[in-house]
2 protein chains.
Amino acid sequence: MSTGHHHQPIDLTRNQSLVLGALEKAEGPLSAYTILDRLRDDGFRAPLQVYRALDKLLGAGLVHRLESLNAFVVCAHPNCHAQGMIAFAICGTCGKVDEFSDAVVQERLGSWARENAFKAEKSIIELRGTCAGCLNG
Amino acid sequence: MSTGHHHQPIDLTRNQSLVLGALEKAEGPLSAYTILDRLRDDGFRAPLQVYRALDKLLGAGLVHRLESLNAFVVCAHPNCHAQGMIAFAICGTCGKVDEFSDAVVQERLGSWARENAFKAEKSIIELRGTCAGCLNG
DNA sequence: TTCGCAATGTAATATCATTACGTTTGTGAG
DNA sequence: CTCACAAACGTAATGATATTACATTGCGAA
């Protein structure tokens with residue numbers, strides 16, 4: 001599988017910066033509507049303002065979408081460009097998300113795709129469970 | 001990672017059979033509301049009838065949820081018991097879904113979890129792209 | 001300046017899922 | 001058998017997530 005990601009570095013607009021900032025301040029993933037609530041004081045009024053900013057941020061690879069949560073997190077990498085395949089471990093107790101990647105997993109899924117003539121554009125890998133902190137604490 | 005799945009074989013109720021039947025008849029994944037629409041003639045009236053049946057079917061491993069689609073498919077295995085980790089390749093063009101699993105991927109994700117003291121309860125692996133048929137056709 | 005495009009503002013609507021509450025049904029203990 | 005309990009069911013209301021539609025604004029290129 002080609003990594004397929006061609007994230008464009010972009011100049012963030014005001015709305016995009018605000019949304020990114022909200023996600024950076026947050027400890028974990030936020031839903032679009034939670035972001036909206038947190039940006040009311042900055043003039044946000046409608047879901048679309050959030051979704052439009054998220055689209056751009058996702059496109060630039062600065063933010064990831066967690067499909068199993070319908071929520072969004074900032075990319076863990078300082079200047080995330082073309083990470084290829086990314087996986088997430090999501091703690092159901094504290095809500096924190098750990099982002100990681102694994103070349104072997106990437107290679108295996110890529111192999112499957114090649115063997116089955118499937119052109120993969122995006123992969124979603126999410127582990128749901130309990131993090132170390134919550135298991136001990 | 002332990003495979004962790006302990007699907008109970010169950011005696012299906014009428015509603016559960018109807019929902020399973022709808023998914024079996026379908027070519028690809030269906031949303032809960034699409035299932036509801038297809039079962040109107042069988043007396044279905046409310047979303048909850050579908051969601052309750054789906055809960056049981058998911059618990060029994062007869063049906064899978066596609067997180068990136070908010071939709072449901074029948075398990076590809078005749079008598080799906082305890083498959084461990086399952087992956088899906090979802091064609092964005094025709095909507096068909098291919099279910100597969102890979103022991104190496106399972107092992108690698110399990111290793112990551114072990115090394116990070118993360119107790120994984122469920123894994124979600126979905127490839128989005130275009131299937132062979134749609135690439136050729 | 002004028003055209004065109006990206007971003008924005010706002011309202012309405014579509015889609016997905018759950019809570020709440022009351023009733024029915026099946027089943028095992030006595 | 002029948003009582004008591006649990007599981008399943010019916011229905012309405014609501015909550016949560018996401019998109020469509022349309023008017024407007026800001027700004028760079030011709």
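Order of the sequence lines sets the chain letters (A, B, ...), proteins ahead of strands, with each chain counted from 1. Atom set for the values below is all heavy atoms of this structure, side chains included, hydrogens, waters and symmetry mates excluded.
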Rounded off to whole Å, could you give me the CD1-to-P distance for the Ile35(B) and dC16(C) pair?
-> 11 Å

Going by atom types only, do Ser111(B) and Glu107(B) share a side-chain donor-acceptor pair under 3.5 Å?
-> yes

Is it the case that one hydrophobic cluster holds both Val97(B) and Leu135(B), taking links as side-chain heavy atoms less than 4.5 Å apart, direct or via other members?
-> no

Base versus backbone protein contacts along nucleotides 8-21 of chain D [heavy-atom cut-off under 4.0 Å; B, S, -] = SBBB-----BBBBB

Report the C-alpha distance between Glu126(A) and Arg128(A) in whole Å, list the side-chain angles of each, state the deciding distance to 0.1 Å, and finish with yes or no for salt bridge (charged side-chain N to carboxylate O under 4.0 Å, His left out).
-> CA-CA 6 Å; Glu126(A) 300 180 12; Arg128(A) 305 295 303 267; 5.5 Å; no

May I ask you to decide if Leu30(A)'s main-chain N or O and Thr34(A)'s side chain share a donor-acceptor pair within less than 3.5 Å?
-> no

Check whether more than 12 heavy atoms from other residues, nucleotides or ligands sit under 6.0 Å from atom CG of Asn136(B), and answer yes or no.
-> yes

Between the main-chain N or O of Thr13(A) and the side-chain N or O of Gln16(A), is there a donor-acceptor pair closer than 3.5 Å?
-> yes

Please report, rounded to the nearest Å, how far the P atom of dT15(C) is from the CG atom of Leu30(B).
-> 15 Å

Atom-pair distance (CG on Leu36(A); C1' on dG9(C)), nearest Å | 13 Å

Distance, rounded to the nearest Å, where Leu12(B) contributes CG and dA7(D) contributes P = 17 Å

